[in-house]
Amino acid sequence: MASGRQKFTILDKALSKGKTEINISTFGFLFSEMVQYCQNRVYTVPEFQTKLSEMGYNVGVRIVDILFVREKNYKREIKLLNMLLFVKSNLWKTLFGKEADRLEHANDDERTYYIIEKDPLVNRFISVPRDKGSLNCAAFMAGIVEAVLNGCNFPCKVTAHWHKGTAFMIKFEDSVITRDKSVDGK
C-alpha cells in the first residue's frame, strides 16, 4: 500500500521550531575551551586571531546552508547593501539573539564597511592577559561573517578591531563593487 504522505528529514525542518536558545554558561564554557585550544597552538596574537577566525569560518560555511536551505523566507541577496543589512539583522539575530548595533560605510574607501557591536557575546567570557592586550576574541565572529559573505558570492576579508566596542571591518574585492554598480545601473 502506498501512502500519500511525504517523508521529511531533519534537514527539512525549520530552525525556528523548538527551543532555539542554549544556556549562556554552556556557550561560555565551550567558547573558553576553544580559546584555550587556540592559545596552546600559537605564539603571537595575530596567529591567535587567525586561528579563531578559521574556526569561525568553518561555522559560517554551515550557517549559510542553514539560513538559505531550511528557512524558506530568506532569499539570497544580489545587492551589496541588502546583503550587509541581512548580516546585520537576520544573521546576528539567528546567532546572537539580537541585531548588531550599527552598520557603517568607510568615508575614504568604497570597498570597506564596518559592523559595530558594542559588547560581542564572545568577549563577555574571556579575560585577556596583559601580554595579549590587543587580542580580540571576536575574530571568531569575523570568521563567521566572512564565510557567510563569501558563500553568498560577496568575496571579502573580515577582521575584528577594538573601536567603539568591536568593529568588524569588511573589505570587499573590487569585483563586488563593480558588480553592485552594474546592478544599480550606475
Side-chain angles (χ1 to χ4, degrees), residues 20-67 80 83-152 154-173 176:
T20 59
E21 295 180 10
I22 65 165
N23 187 314
I24 197 78
S25 62
T26 304
F27 172 77
F29 176 72
L30 175 64
F31 189 71
S32 70
E33 289 297 316
M34 290 170 55
V35 169
Q36 289 176 31
Y37 174 85
C38 293
Q39 185 176 9
N40 294 332
R41 285 159 178 74
V42 298
Y43 298 104
T44 66
V45 171
E47 286 177 341
F48 200 145
Q49 292 186 158
T50 299
K51 191 85 161 156
L52 283 171
S53 182
E54 289 169 357
M55 291 175 120
Y57 196 93
N58 289 328
V59 171
V61 167
R62 287 152 182 86
I63 292 293
V64 170
D65 292 338
I66 289 171
L67 287 177
L80 178 60
M83 187 63 206
L84 288 169
L85 291 171
F86 172 83
V87 168
K88 177 192 175 285
S89 59
N90 297 10
L91 176 67
W92 233 260
K93 281 181 188 174
T94 299
L95 294 176
F96 309 112
K98 68 177 198 78
E99 282 191 24
D101 294 325
R102 288 200 331 238
L103 172 66
E104 294 181 1
H105 186 241
N107 294 331
D108 57 343
D109 186 7
E110 66 178 356
R111 300 181 320 141
T112 304
Y113 288 82
Y114 299 96
I115 294 177
I116 298 172
E117 181 70 29
K118 289 182 180 124
D119 186 26
L121 181 65
V122 296
N123 285 346
R124 288 185 198 159
F125 308 104
I126 305 299
S127 56
V128 179
R130 288 185 185 144
D131 63 325
K132 293 181 173 48
S134 63
L135 173 66
N136 191 337
C137 291
F140 177 77
M141 293 168 63
I144 293 173
V145 172
E146 183 176 338
V148 168
L149 289 170
N150 286 339
C152 293
F154 291 90
C156 64
K157 181 68 181 153
V158 181
T159 53
H161 303 276
W162 292 110
H163 179 70
K164 300 178 185 176
T166 295
F168 298 94
M169 184 174 78
I170 307 167
K171 194 158 197 78
F172 290 99
E173 291 183 2
V176 174

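Formation of a donor-acceptor pair under 3.5 Å by the D119 side chain with backbone atoms of G165 is not found in this model. Not one N or O on the side chain of R111 forms a donor-acceptor pair closer than 3.5 Å with the backbone of K171. The closest donor-acceptor contact from the side chain of E146 to the backbone of Y57 lies at 3.5 Å or more, if one exists at all. In this structure, S53 contributes its side chain and Q49 its backbone to no donor-acceptor pair below 3.5 Å.
Rounded to the nearest 0.5 angstrom, L91 CG and I115 CD1 are separated by 8.0 Å. The distance from the CG atom of L149 to the CZ atom of F86 is 10.0 Å, given to the nearest 0.5 Å. Considering CG of L95 and NZ of K93, their distance stands at 13.0 Å, rounded to 0.5 Å. Within the model, atoms CE of M169 and CD of E104 stand 13.5 Å from one another, a figure rounded to the nearest 0.5 Å. Here CD of E33 is found 4.5 Å from CD of Q36. Values are rounded to the nearest 0.5 Å. Note that the CG atom of L84 and the CZ atom of F154 stand 8.0 Å from one another [nearest 0.5 Å].
In this structure, E54 and T50 have side chains that are in contact, with non-hydrogen atoms separated by less than 4.5 Å.
Smallest separation of non-hydrogen atoms from F168 and A138: CE2-O, 3.3 Å. When all heavy atoms of C137 and V35 are compared, the pair lying nearest together is SG-CG2, 4.1 Å. When all heavy atoms are compared, the tightest approach of P120 to M141 is CB-SD, 3.8 Å. Looking at every heavy atom in both residues, A142 comes nearest to A160 through CB-N, 4.1 Å. Considering every non-hydrogen atom in both H163 and I116, the closest pair reads O-CG2, 4.4 Å. Considering every non-hydrogen atom in both V148 and G60, the closest pair reads CG2-O, 3.8 Å.
Counting non-hydrogen atoms of other residues, nucleotides and ligands closer than 6.0 Å to OH of Y37 gives a total of 12 or fewer.
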Apply side-chain contact (heavy atoms from CB on, under 4.5 Å) to residues V145 and W92 and explain how you reach the verdict. CA-CA 9 Å; V145 172; W92 233 260; 3.7 Å; yes
Could you walk me through whether L121 and I24 satisfy the side-chain contact (heavy atoms from CB on, under 4.5 Å) test, starting with their C-alpha distance in whole Å, then the side-chain angles of each, then the deciding distance to 0.1 Å, before giving a yes or no? CA-CA 9 Å; L121 181 65; I24 197 78; 3.3 Å; yes
